[in-house]
Each structure stands twice: as structure tokens, then as C-alpha cells.
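Atoms considered below: every heavy atom in the structure, side chains included; atoms not considered: hydrogens, waters and symmetry mates. A note on names: the letters A, B, ... follow the listed sequences, proteins ahead of strands, and every chain is numbered from 1. Since this is a predicted model, take the numbers as computed values, not measurements.
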Amino acid sequence: MSEKILLVDGHSIINRAFYGVTDLTNSEGLHTNAIYGFLNTLFKVLEEEKPDYLTVAFDVKAPTFRHQMYDAYKGTRKPMPAELHEQVPVLKDVLHAMGIETMEKAGLEADDLLGTVARRSEARGMEVTVLSGDRDLLQLATEHIRIRLPKTKGGVTETENYNTQDVIDKYQVAPLQIIELKALMGDSADNIPGVPGIGEKTATNLIVQYGNIENAYAHVEEIKPNRAKNALQEHYDMAVMSKALATINTDCDYDYDWDKAKLGNIYTEAAYALIKRLEFKNMLSRFRVDAPANEKIEKIFQMVEDFGEADQVLTKAAAVPRLAFAVHQEEGQVLALSLTLSEKETYVIPVEGFVTADWLLGRLGEAFAHVPEITTLKLKEALKCLSAHGVTIEKERQGAFLDAEIAAYLLNPLKDSYTCEELAKEYVSLTIPSRVELFGKDKLTKALEEKAEAFRIYGGYASYILYQSMPTLLAELHETGMEDLYREMELPLVFTLFGMEQEGIRVDAQALKTYGEELAVRIGELETKIYEEAGETFNINSPKQLGVILFDKMGLKGGKKTKTGYSTSAEVLEKLAPECPLVADILEYRQLAKLKSTYADGLAAYIEPDGRIHTTFQQTITATGRLSSVEPNLQNIPIRMELGRQIRKVFIPREGCVLVDADYSQIELRVLAHMSGDANLIHAYRGAQDIHRLTASQVFHIPFDEVTDLQRRNAKAVNFGIVYGISSFGLSQDLSISRKEAQEYIQKYFETYPKIKEFLDSCVEEAKEKGYARTMFGRRRPMPELKSSNFMQRSFGERVAMNAPIQGTAADIIKIAMNRVDRRLKAEGLKSRLLLQVHDELLIEAYTEELDKVEQILSEEMQGAAELAVPLEIDMKQGKNWYEAH
DNA sequence: GGCATCACG
DNA sequence: ACGTACGTGATGCCT
């Protein structure tokens, strides 16, 4: 096979990158976006082409032969913006550090160098690829010279590839005739004058017919559109000169040395250092310096494609003291299984032939019966996959499972994701190749089929890293006092949540549809009315357009509140013009539009064939330890406004069941009372019916029965404020009072409950000293903000330090309750099941005959989840839908 | 993909 | 003086 050479038009690619990549700056203040884009494009093409030789050509700032030929050519090069100009020498440094040859010569443009080397390489029998952003280069295309033009389409960079025929297909002319076209059409970017009045169409017609400009001129009398004929006659000299300007010189006087261009290992240590300084973090792994360590590890990863061998591996798996596994799936299909049985045994077993998904997971399930410690990532997802293939985990075996993601989350709950790659770096001190690096943007299925070797590496690390990181994760959990939290609360919760998600909640699709249709009618009416009142139609959903109507056209006085313009939030609009019918209609429209899009239409799309909605509870998202619910979010179903609340009527129990809803009464305040140990508050909450009223009576020194509604409302706001990490500003905002008044409320509150203040202060103090806040059950929230010199950030940190222990402890308590409720329902042989958790609320689908037992279990386990100095009270109701039950 | 808005605890 | 309440997720607009 002939050798391949890749020639890169440095100037055009870096320009393209500069304008295509969002501005980036490293911490030294150097702009880096163009370099980043250039390297990304280069890597992509290198991976596709795998050339033997590589050279990048640059322009030199010096007059070329074109300047001598044509005066106006001077100064034609658009001056580079300074932000781009400064990046060019740095890019060259990076390329040189990678051992990549660059070429430039005074008096020559990059095009000419590329053309010259391309032709010479072709003459030596090489396959040539020229990478450029400039279509002029198409004139170089031949059977053996391919021009690649990068093109960004919807964020994905693809390249258009041109050999001779591709040029003809697209432009109807041969590659060399591209010059003729350009000479006729001109090119303002390159200041090639062309022939005025001749555009792409005419130029193409002329060249297709006459072959070149000279011949067209020879037949100028025949030329059909008079406009073209006159133009060519008048500007023929110009066209000839333009042709010379547009012609790439393929025979430059340049001493090119192929040996120097020979491509070696570009991922050098020197390049690593530069990439690190440029802060291209996702590129860094390509340049990893611990490549030797990686290679040693990767060598042991074994691809197992033979059925017998796979069988042996899985038999062996059943006998090890611990293992790690990863199921690779895509679009519901199991593609492969990764298994690490010891430091030296890692297997990647693709699903193929006799090795079916059912067989593979079935055999894995058999092994699970015997292995004392089983590690994976995203255990809940694995359970789902196993269950879909008929594998269930016995209750007694659940304790054997570890989830590395959850362990990493407990150690640092602030991260966005917990990937194998990050675990490798943090807990194994190893930089592993990223998925993008191995497969590019390919799907897993495609990668397995076409890049088996890369898949072996990817799959191998997937379980190897879990195996290697777990001991460290456990050790750190132990050291930080979170091992119990992990083993006794979070891991069992995985199984509880798995059950809830599998169960799903029944939804009356017809009722939901009707609800949506009713909304649509009213929305339509409001729309018409709003357009009438505004005197024109506009997009009511666009805050920008709405702002123009309200503040510019109608002249309502609204302060500019957001970064982008006027704020049109409900808060602003309500204050703005409570009397204005337009504003009132917009508010109602907004409310209905929200209900329709997010809830009526939104939820309908999630009803599965079983007639139920199966949300996903995320266990590793929040900073405080709460759960979150996605696809769809069932933790924010409307309740505060009656119309929205109606939607809860579509959540119904299955036949023979009712919904039972139990929610903790003011759990966070009770947690606060307990954690602070404030005798007054504890005493108050022990017997109180109405906590906010009692707070008001104590804070304002009024008999309980004489507390006014306003006083109660104020006390309630203070109670909330305390939980959020009180600030006089926040409270004043909430109550629409002055800051001073707010400050007085807070002061009085703290006088009444002195230990609360002590406790909150101690939370901040401890967080400052240790760098993290802690819940009653040892859950940590790191708080880097507290060290900030920025007042805003530090204040935020202080509020978080007060809130996290309270919100987090409440989250811990309900997690305990969930596990206990789940366990008891099963232990007592009941069919009723937990369906949802909404932070302080649990929803159960209870068989009517089990109702009494279910209520007893809920009440005992929720109230008994923690021993606090105050009772943990719940409100419990049942109903034929969620509306009634809550 | 960021921003504004709004739904919940 | 600084300029905010704590924690989430979904939708629609717009660059």
C-alpha cells in the first residue's frame, strides 16, 4: 500500500477554528480557542487518515509574487485580530513539541507550499490529503490528491472530501478549471478582482462551454447573455490577471524533506506540558505521560469471544472473593459484559452468537449467589438491566453489592457526574483514555463492531477501575465516618428505589388528555384577548417580546432586572400593575401554559404501555443528600394553586388499591430543634398543634390564642428563613418589610431560642474549620465557598453551612424511613408498595385489604426513623387519587 | 447551550 | 459597601 501524507493549511484551519470555537482563555490570560479548534480538527483527521507523513503550512508576513503582480493585493489579507494573532506562535510551539513539521517561506503563501509538496508527493507515488478551509485548494485535486474541507453541521465537524470526480460532480468543471471560475467570479476575501457582472452561474456556463477564459474570449461574439459578453470583452485583461493570482504555484522553490515530515509519536511529554498550560483538560488524556503504566494494565484485558471460554470465565467468577462488573448497553440492547475477577484478570465478553444477553446475565446472576463483594457503577441501572433479562437479586445477597458511583458521591457530592475516568484519576491515580479518545463520537454498538481493539481497552477499564478503586473508596468512607451511611442507608436505598421505579405510578391517560384540552381552550381565549389588549400579536412565551410590549409600548415602568433585559417574572408583574387587565391575562396565560406544556402534555408522553409513569430517582445529584426525580420529575407536581392541584387527580391507584400519602410535619424545624438542643424550642414542639403560631406567641410574648394572622405569617417566614440560613435581606424580601424590621424579628427569634443561634454559628464555624458541613448521620457537604475572599460567595457559604446539616439530616431520616417501610412491606408479605418520595412525603399504593397494616407500617417506620428530642409527626391520608390522598 | 421562568420541598 | 434566601428539573426562547 502506498504511503500517505497529510498536508495542512495552517492559516485557514486556525482562522476557521478561531471563528468557530467560543472564546477560551487560560489562567495566564492567553486566548486559546483557535488552538483548541485546530488541534481538535487535526486529531479527528489524523484518526481517520492515519498518515505516515504530516506537515502544516503557514503564511509568512511578507510580500508574495502576487503583490508584485497586482498592487491592490497589498494589504488585502484581512488583518488578524490580536486575539488570533497571539495564538499562531503558540500553536507552532505545540506542533513542534509534538514533533510535527511546519513549513513557511517568505514570498510564498501556504497554498503554494501545499500545492508544491502535494504534487511532488504524488509524483513519488504517495496518497496525498490536503486539509484546508479554503475552496481554492480544490484546483489541486487529482486521483491521488484529496482535498478535505472541514464543515460544521449542527455542532458536529465533518469534512467534505474531494478527488477529481467529486469536484466535477459538485462544480461541473475539472479541478484545474476551478481557477477559471474564480478568476471570472472574483473573490473579495483574497481581493481577486474577477469580472464585474459575472457570478457563479455565468462563470460555470462559460467554462463548461469553452474550457477556459482565453477560449471563451476567442469566442466572445457567440457568448449569449449580452451582459456576460460585454463584461468579458471589457474586463478580459483583468480576468487574465485574476487567473494568475488565483493559480496556486505548484512548483515553488522550496526544499522539502519527507524524512523530517515522517510522523512519529505525537503524544510527547513536551506536548503534554504545553497542553496542560493551555488547560485543554479533555485533550490531556491523549498526551498522558503514564502511557507505560496504561499499556501494562491494558495488556491483561482479555476479549472473550468464544462461548466455552466465556463459560469458564463465569464459572471462575462464582469462586472469587470479590469482583467488579460493568454491563455495556445501548438503546436497551446489552452489548457486552466487563468482568474483573482479580488485579490480573479482566475480561470483556461481547454478546454474540451463543453468548446471548440472557445467557450472559443469567450466568452472572449465578455467580452473584456466591461472591461476597460485588462492585459496579450505577447499581440501580444494572439491576434494571438484569431484571429485564430475568435475573433478580435475592434479599440476602443485596448486602454484597457496592456502587462506586454512590461511594464517590458521598465523598464529594458536588460533582456533576461520577465516571469511570474520574474514579481512575481520583482513586487509582491513573489517567485512562476517554471514550471520545477511543471511539470518537461513535455509538457503542458501532465501536464494538468496527473498533474491537479500542472496545477491549474501554471495556477492560470499565470493570478494572471499579475493582481497583473500591478499596480506596471504602477506606475513605471509613476515614470520613461515612461507611455506615454508605452501607446501611445509601446501598439499601438503591434496592428500595429500584423497586419504586419498577412499580411506577398509574395515570389516567384519558383524564390527563381532557385536562390538557380544557387548558388549551382557555389558553386560546386568553391569547386572543392578550393580542387585542396589546394591539398586536407577538409571542407571549418570549420574555423578550413581552418586555417590549409591556415596558416599551405600553410604557409600564419596570426596572431592568435581568442580564438580558426587562424581567417579566410573575413577581415583577404582580407588583407592577395589579389593575392592568393585560398583565392579569398574561399571568393567567403563563400559569396555564406551564400546566399544559410541563404537566398535561409533558406527563402524557411518559405514560408507558403498562399505563404507568416510571420516574427515575437520582441518588447522586444533590449537594445535601436529597434525591431528585427526572424523566419525568414527579417531585414537583403542582399543589399550591387549585387549578394545578387538580392534575393530581390523574394519579390513581391500580384496581383494588388506594393511595396512601404520609408526610412529615415540619421535619426540618424538628431536626433543628433536636440538633440545636434548644430547650425552649424542644418544649414548644413537643406539644404544639400549630408550630408557627406557637413560635409567634413566644417570640412576640403574646398568649397563644391572641396571635394574629400577620404575626403567625411572620413567624412562619422566620422559621423558613432560619432553615435557609437566615439573612435580614432575604427575610425582608420575603415579607415585604424593611431590612431593619427583618433584623428585629431575627434578633427576637434568637433571644427566644438562644441555642438556635449558637447552633447555627457553630455550623458555620465547624464548616470553616473543617471545610465541610455535616448531618446527624455523618453525611458531608464540602464547602469551598467559605474560604472565598468574595463577600457574596462567602455569605452564600455561610448560609449553606447552616442549611446543609438541617436539609441533609431531614433527607437522611426519610431515606431511613423508606428502607424500613420497604423492608417491612416485604417482610410482612404485603403486596402494597412504595411509589414515590417527595422529600418529606411518601406515597404508597396500598391494597385495600392491607390498608390498616400499611398505615401502621408507614406511621411506625416514619416516626421511628430517628430518635429525636422532639416527636417526628406525620400527616397521613388515603384516597382514590393523589389529590385526595394529600 | 445559556437564560428566564416557574413547578415542587 | 457588597446583593441573597436553601435544594431541585422541565420548558421555551434565542444566539
Please step through side-chain hydrogen bond (donor to acceptor under 3.5 Å, both in side chains) for the pair A:S629 and A:T615, ending with a clear verdict.
-> CA-CA 6 Å; A:S629 157; A:T615 184; 2.9 Å; yes
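Among the nucleotides C:dG7, B:dC3, C:dC6, the one closest to any side-chain atom of A:R781 is C:dG7. Of the candidates C:dG7, C:dT4, C:dA10, C:dA10 carries the atom nearest the A:V630 side chain, counting heavy atoms from C-beta on. Of the candidates C:dG9, C:dA10, B:dT5, C:dA10 carries the atom nearest the A:T598 side chain, counting heavy atoms from C-beta on. Side-chain proximity of A:R739 to the nucleotides C:dG3, C:dC14, B:dC3 is greatest for C:dG3. Closest to the side chain of A:T562, from the set B:dA7, B:dA4, C:dA10, is B:dA4.
When Watson-Crick and G-U wobble pairs are counted only if both distances are under 3.5 Å, B:dC8 pairs with C:dG7.
Counting non-hydrogen atoms under 4.0 angstrom, A:N539 reaches the backbone sugars and phosphates but no base. Note on A:A605: nothing from the nucleic acid sits closer than 4.0 angstrom, heavy atoms only. The residue A:F796 sits close only to the backbone: its heavy atoms come under 4.0 Å of sugar-phosphate atoms, none of a base. Nucleic acid contact for A:G721: base, since at least one base atom lies under 4.0 Å from a heavy atom of the residue. Residue contacts for A:T564: at a heavy-atom cut-off of 4.0 Å it reaches the sugar-phosphate backbone alone, with no base atom in range. Within 4.0 Å (heavy atoms only), A:A593 reaches no atom of the nucleic acid at all. Here A:A623 lies in heavy-atom contact (under 4.0 Å) with sugar-phosphate atoms only. Across all strands, A:I806 comes closer than 4.0 Å to no nucleic acid atom at all (heavy-atom distances). Residue A:L731 is in base contact, counting any heavy-atom pair closer than 4.0 Å across all strands shown. Residue A:E841 is classed as having no contact, given no heavy-atom separation below 4.0 Å to the nucleic acid.
Not one side-chain nitrogen or oxygen of A:S569 sits closer than 4.0 Å to the OP1 or OP2 atom of B:dA4.
Residue A:F729 and nucleotide C:dT4 are classified as a stacked aromatic pair, their ring centres being separated by less than 5.5 Å at an interplanar angle below 30°.
The aromatic rings of A:Y409 and A:Y418 sit perpendicular to each other, their planes meeting at more than 60°, with 30° as the lower class boundary.
On a pure distance criterion of 3.5 Å, a polar donor-acceptor pair joins the side chain of A:K594 and the base of B:dC6. A donor-acceptor contact under 3.5 Å links the side chain of A:R799 to the base of C:dT4. For A:R640 against B:dG9, a side-chain N or O and a base N or O form a donor-acceptor pair under 3.5 Å.
Under the 4.0 Å criterion applied to side-chain N and carboxylate O atoms, A:E765 and A:K768 are not assigned as salt-bridge partners.
Figure legend: cation-pi geometry between A:K380 and A:F498 absent, as NZ or CZ is not positioned both under 6.0 Å from the six-membered ring centre and within 45° of its axis.
Place A:Q807 and A:S795 on DNA chain C by their nearest nucleotides, and A:S795 ends up nearer the 5' end.
Summarising the geometry, the separation between NZ on A:K563 and P on B:dG1 is reported as 18 Å, rounded to the nearest angstrom.
A:L760 contributes atom CG, which lies 6.0 Å from atom CG of A:L672 (distance to the nearest 0.5 angstrom).
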